[in-house]
Amino acid sequence: MTVRTRFAPSPTGFLHIGGARTALFAWAYARRHGGSFILRIEDTDVARSTPEAVQAILDGMQWLGLAHDEGPFYQMQRMDRYRQVIGEMLAAGSAYHCYMSKEELDALRAEQEARKEKPRYDGRWRPEPGKILPAPPTDVLPVVRFCNPKEGVVAWDDQVKGRIEFANSELDDFIIARGDGTPTYNFCVVVDDRDMAITHVIRGDDHVNNTPRQINLLQALGAAVPQYAHLSMILGDDGQKLSKRHGAVSVMQYDDEGYLPEAVLNYLARLGWSHGDEEVFSMEQFVRWFDLDHITASAAQFNTEKLNWLNAHYLKLADPQRLAGEVARRLARQQVAIADGPDLVRVVALYRDRAGNLNELADAVHPFYAAPKPTAEMCSQHLTAAALDGLDALRGRLSACDWQAPELGKVVKETAAAVGLKMPQLAIPLRVALLGLPQSPGIDAVLEVLGRERVLARLAAVLPA
RNA sequence: GACCCUAUCGUCUAGAGGCCUAGGACAAUACCCUUUCACGGUAUGAACCCGGGUUCGAAUCCCGGUGGGGUCGCCA
């Protein structure tokens with residue numbers, strides 16, 4: 001049997017971190033087993049679904065590199081199919097029209113809550129042998145309800161949580177089509193999962209309670225029941241539930257914040273899944289290792305610090321050429337011109353070991369492309385008379401020497417010795433003069449990359465004429 | 001409230017009855033490296049929610065409690 005998984009977001013907002021992990025796991029499982037990963041857009045909530053949200057989800061998936069094999073399928077384009085199945089169920093007696101008005105339903109719920117009961121439909125329009133139904137009112141558009149079994153239990157072996165059982169007595173006859181004839185979520189999911197021959201439903205924990213209804217529906221339709229794997233939630237950094245108004249951010253925001261997709265992916269893979277002590281791995285390795293047996297059943301708290309560490313790690317490994325492209329985009333956004341400056345790829349290579357993210361990298365690289373702007377304190381602290389003498393002497397030697405890092409390092413050292421300064425006493429003023437900062441990577445490398453002309457010009461700017 | 005799920009260092013987790021004096025990673029602390037700041041290296045502290053069972057033996061199995069979470073829509 002070919003494995004077929006799906007990711008089925010509803011386009012009511014961006015792709016957030018929880019959705020991204022669900023997609024990642026479903027994608028990895030299909031890849032792992034040589035199966036297919038299907039993208040399905042559950043847009044039947046016309047009021048809340050937007051094309052922008054669809055695009056945001058697609059963008060997020062693309063940024064992460066989670067390619068689907070089939071789809072995207074849009075549920076709104078499958079209305080005819082849903083209506084057809086509803087007709088079949090009505091004909092077969094596994095569904096029925098219910099003429100209860102919303103007001104009546106609200107009243108029923110209020111009553112039940114007052115009695116501290118679980119609110120549920122009481123089955124008043126359910127056809128039953130020997131039961132006499134009232135005459136259908138003419139002013140109510142009937143909904144269609146599913147004839148849920150009244151007795152017994154529904155159970156499944158959840159691939160992450162183990163066996164889960166629900167008594168049918170806990171379930172009511174839920175609505176599968178609204179008064180206007182449009183189908184509802186649980187129904188569409190079932191028809192789609194069946195039509196798309198989904199073998200493994202990997203989704204969020206919040207769907208556990210829908211599962212028994214969907215299984216009953218599947219069985220009423222005579223369809224095979226897929227395997228289910230319910231992933232627990234991801235909590236925010238503060239241990240609170242993630243929601244639109246609290247901490248939930250778009251995966252694209254990680255792009256804005258300078259994270260590399262491979263770092264986000266690696267982090268997400270490790271959040272709720274493990275392979276022994278492995279912490280850092282590529283997506284190829286992940287796909288080779290991924291299974292449903294090692295998924296954690298309890299909720300996990302998001303830890304930005306660990307993500308940061310992974311991001312810094314992947315930054316060190318990344319191709320400078322690629323990094324330069326990312327940094328260039330960020331500098332352009334800040335109106336920093338790089339055309340006349342040193343080779344960005346070389347500058348980036350100098351800093352990629354020391355930056356936590358692409359934005360930091362862009363900031364670190366910035367001084368190479370702008371006139372140094374040391375603060376007054378920096379100047380008074382580092383550009384002392386003795387230091388300026390040293391820089392002056394250095395300028396002379398630098399104007400003639402061989403322009404290679406090892407040679408440059410030697411020149412700085414020798415100059416320091418010649419003017420009676422310790423290395424830091426010359427190197428730090430030099431950094432302030434060149435970059436406007438007291439810290440930088442090795443001064444020899446900075447000199448080399450910056451280039452003789454720019455170095456001499458920047459020295460001239462701090463030295464008295 | 002009802003139903004369902006869940007519980008190992010601050011955090012992510014390893015752990016499928018003896019391999020556990022509970023391992024790894026992030027974070028923290030200390031030291032080392034070093035021309036500065038980082039990076040890196042080494043080391044240290046830090047956990048099996050509680051109570052009952054089962055067993056020769058339980059972090060691991062069972063029951064109860066407590067904590068946390070999810071769901072109870074003509075939303076998905």
Side-chain angles (χ1 to χ4, degrees), chain A residues 8-12 42-45 47-49 75 98 100-102 105-106 109 112-113 115-120 141-145 158 160-162 164-167 169-172 174-186 188-189 204-212 230 232-233 235 237 239 241 267 270-280 293-294 296-310 312 316 351-356 360 364 382 409 412-413 416 421-432 437-444:
Chain A
S10 64
T12 55
E42 311 216 322
D43 54 357
T44 53
D45 185 351
R48 294 198 303 147
S49 298
Q75 289 187 324
C98 167
M100 196 171 180
S101 68
K102 284 182 189 176
L105 235 191
D106 288 344
R109 266 199 274 269
Q112 288 167 328
E113 270 167 47
R115 270 182 273 135
K116 300 220 186 258
E117 284 170 17
K118 185 172 180 168
R120 73 243 272 190
L141 281 173
V143 300
V144 180
R145 287 187 183 269
D158 196 276
V160 353
K161 292 179 184 290
I164 300 178
E165 293 189 1
F166 279 83
S169 57
E170 288 294 328
L171 276 21
D172 63 1
F174 58 97
I175 292 171
I176 61 176
R178 304 180 178 93
D180 64 5
T182 57
T184 60
Y185 169 74
N186 278 116
C188 296
V189 166
D205 213 346
D206 47 337
H207 289 289
V208 166
N209 291 274
N210 290 323
T211 306
H230 287 100
S232 53
M233 306 202 49
L235 272 20
D237 243 328
K241 186 196 169 184
Y267 178 73
R270 199 59 193 65
L271 194 61
W273 174 84
S274 62
H275 184 74
D277 289 338
E278 300 292 345
E279 295 286 351
V280 180
D293 297 338
H294 293 83
T296 312
S298 56
Q301 191 170 315
F302 194 88
N303 186 214
T304 304
E305 288 187 324
K306 189 162 181 180
L307 205 213
N308 290 344
W309 169 76
L310 268 171
K316 291 183 189 94
Y351 280 91
R352 77 179 162 163
D353 282 0
R354 2 182 16 109
E360 283 178 19
H382 299 294
V412 177
K413 246 175 220 156
L421 290 173
K422 294 194 167 163
M423 204 31 195
Q425 293 174 313
L426 181 60
I428 295 180
L430 183 53
R431 288 184 168 95
V432 171
L437 294 168
Q439 312 95 28
S440 80
I443 197 65
D444 49 351

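If you're wondering where the values come from, they're calculated on a predicted model, not measured in any experiment.
When distances are taken from the side chain of Val143(A) to each of G73(B), C74(B), A7(B), the shortest belongs to C74(B). Residue Ile428(A) has its side chain nearest to U36(B) when only A76(B), C4(B), U36(B) are considered. Residue Ala427(A) has its side chain nearest to U35(B) when only U35(B), A2(B), G24(B) are considered. Side chain of His294(A), nearest nucleotide from C72(B), A76(B), G15(B): G15(B). You'll find that the side chain of Pro424(A) is closest to U35(B), out of C4(B), A7(B), U35(B). Side chain of Asn210(A), nearest nucleotide from U13(B), A76(B), A25(B): A76(B). Among the nucleotides C37(B), G15(B), C26(B), the one closest to any side-chain atom of Gln439(A) is C37(B). Of the candidate nucleotides C4(B), U13(B), A76(B), A76(B) has the atom lying nearest to any side-chain atom of Gln75(A).
For the pair Met233(A) CE and C4(B) C1', the computed distance is 15 Å after rounding to whole Å. What separates CZ of Phe166(A) from P of C3(B) is a distance of 11 Å, to the nearest Å. Atoms CG (Asn303(A)) and P (A27(B)) sit 9 Å apart, rounded to a whole Å. Remark: P of U36(B) and CG of Leu426(A) are 13 Å apart, rounded to the nearest angstrom. Across the protein-nucleic acid pair, Asp206(A) atom CG and G70(B) atom C1' stand 7 Å apart, rounded to whole Å. A straight line from CG of Asp277(A) to P of G24(B) spans 8 Å, rounded to a whole angstrom. Here C12(B) presents its C1' atom at 11 Å from CH2 of Trp309(A), a figure rounded to the nearest Å. To the nearest angstrom, P of G1(B) lies 14 Å from CD of Glu113(A).
Across all strands shown, C20(B) remains unpaired; no Watson-Crick or G-U wobble contact has both distances below 3.5 Å. Nucleotide G67(B) forms a Watson-Crick or G-U wobble pair with U6(B), both donor-acceptor distances falling under 3.5 Å. With both pairing distances under 3.5 Å, A25(B) is matched to U11(B) as a Watson-Crick or G-U wobble pair. Pairing for C31(B) goes to G41(B), judged as Watson-Crick or G-U wobble with the two contacts each under 3.5 Å.
Residue Gln301(A) is classed as a sugar-phosphate contact, given heavy-atom separations below 4.0 Å to backbone atoms only. Among the heavy atoms of the strands lying under 4.0 Å from Pro441(A) is at least one base atom, whether or not backbone atoms are also near. At a threshold of 4.0 angstrom between heavy atoms, the contacts of Asp237(A) with the nucleic acid are absent. Among the protein residues, Lys316(A) comes within range of the sugar-phosphate backbone only, with heavy atoms under 4.0 Å from sugar or phosphate atoms but none that close to a base. Here Ile175(A) lies in heavy-atom contact (under 4.0 Å) with a base. Within 4.0 Å (heavy atoms only), Arg109(A) reaches sugar-phosphate atoms of the nucleic acid but no base atom. Counting non-hydrogen atoms under 4.0 angstrom, Val208(A) reaches the backbone sugars and phosphates but no base. Within the nucleic acid shown, Ser440(A) comes within 4.0 Å of at least one base atom, counting heavy atoms only. Base engagement by Ile443(A) is indicated by at least one non-hydrogen atom pair under 4.0 Å involving a base atom. Residue Pro438(A) is in base contact, counting any heavy-atom pair closer than 4.0 Å across all strands shown. His207(A) comes within 4.0 angstrom of a base, heavy atoms only. Heavy atoms of Asp43(A) sit nowhere under 4.0 angstrom from any nucleic acid atom. Residue Lys116(A) is in sugar-phosphate contact alone, with no base atom involved, counting any heavy-atom pair closer than 4.0 Å across all strands shown.
The CG atom of Leu430(A) sits 14.0 Å away from the CD atom of Gln425(A) when rounded to the nearest 0.5 Å.
Donor-acceptor pairing under 3.5 Å, judged by distance alone, is absent between the side chain of Arg270(A) and the base of U13(B). Side-chain atoms of Asp205(A) and base atoms of G70(B) include no donor and acceptor less than 3.5 Å apart.
Across the P atoms, G23(B) and U34(B) are found 33 Å apart, a figure rounded to whole Å. Spacing of C1' atoms, A46(B) relative to A27(B), comes out at 11 Å, to the nearest Å. Remark: the separation of the C1' atoms in G57(B) and A25(B) is 31 Å, to the nearest Å. Separating the P atom of C19(B) from that of C3(B) is a span of 39 Å, rounded to the nearest Å. Rounded to a whole angstrom, the distance from the P atom of C20(B) to that of A59(B) is 13 Å. Taking atom P in both U8(B) and A14(B), the straight-line distance is 10 Å, to the nearest Å. Using atom P as the reference point in both G18(B) and U11(B), the two lie 27 Å apart (nearest Å). Look at the P atom in both G15(B) and G53(B): the space between them is 29 Å, to the nearest Å.
Contact of the His230(A) side chain with the His207(A) side chain is registered, since non-hydrogen atoms from C-beta on lie closer than 4.5 Å. Residues Ser10(A) and Asp45(A) are not in side-chain contact: their nearest non-hydrogen atoms beyond the backbone lie 4.5 Å or more apart. The shortest side-chain heavy-atom distance between Asn303(A) and Asp237(A) falls under the 4.5 Å cut-off.
Without hydrogens or angle criteria, Thr184(A) side chain to Ile175(A) main chain gives a donor-acceptor distance under 3.5 Å.
Between Thr296(A) and U13(B), a side-chain N or O to OP1/OP2 separation shorter than 4.0 Å is present. One finds a side-chain N or O of Lys241(A) lying less than 4.0 angstrom from the OP1 or OP2 phosphate oxygen of G70(B). In this structure, Thr44(A) reaches the A76(B) phosphate: one of its side-chain N or O atoms is under 4.0 Å from OP1 or OP2.
Nearer the 5' end of RNA chain B, as judged by each residue's closest nucleotide, is the contact made by Glu165(A), out of Gly239(A) and Glu165(A). Comparing Asn209(A) and Gly442(A), the nucleotide of RNA chain B nearest to each residue sits closer to the 5' end for Gly442(A).
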Exercise. Please walk me through it: do Val412(A) and Asp444(A) pass side-chain contact (heavy atoms from CB on, under 4.5 Å)?
Worked result: CA-CA 8 Å; Val412(A) 177; Asp444(A) 49 351; over 6 Å; no

**Prompt:** When you look at Val189(A) and Glu42(A), which way does the side-chain contact (heavy atoms from CB on, under 4.5 Å) test go after all the steps?
**Reply:** CA-CA 8 Å; Val189(A) 166; Glu42(A) 311 216 322; 3.7 Å; yes

Go through it in stages, so that I can follow the logic: the residues are Thr211(A) and Ile164(A), the test is side-chain contact (heavy atoms from CB on, under 4.5 Å), and I'd like the CA-CA distance, side-chain angles, deciding distance and then a yes or no. CA-CA 10 Å; Thr211(A) 306; Ile164(A) 300 178; over 6 Å; no

request  = Take Trp309(A) and Val280(A) through the test side-chain contact (heavy atoms from CB on, under 4.5 Å) and record every step on the way to the result.
outcome  = CA-CA 11 Å; Trp309(A) 169 76; Val280(A) 180; 3.8 Å; yes

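Using a 4.0 Å cut-off between charged nitrogen and carboxylate oxygen, Lys161(A) and Asp205(A) count as a salt-bridge pair.
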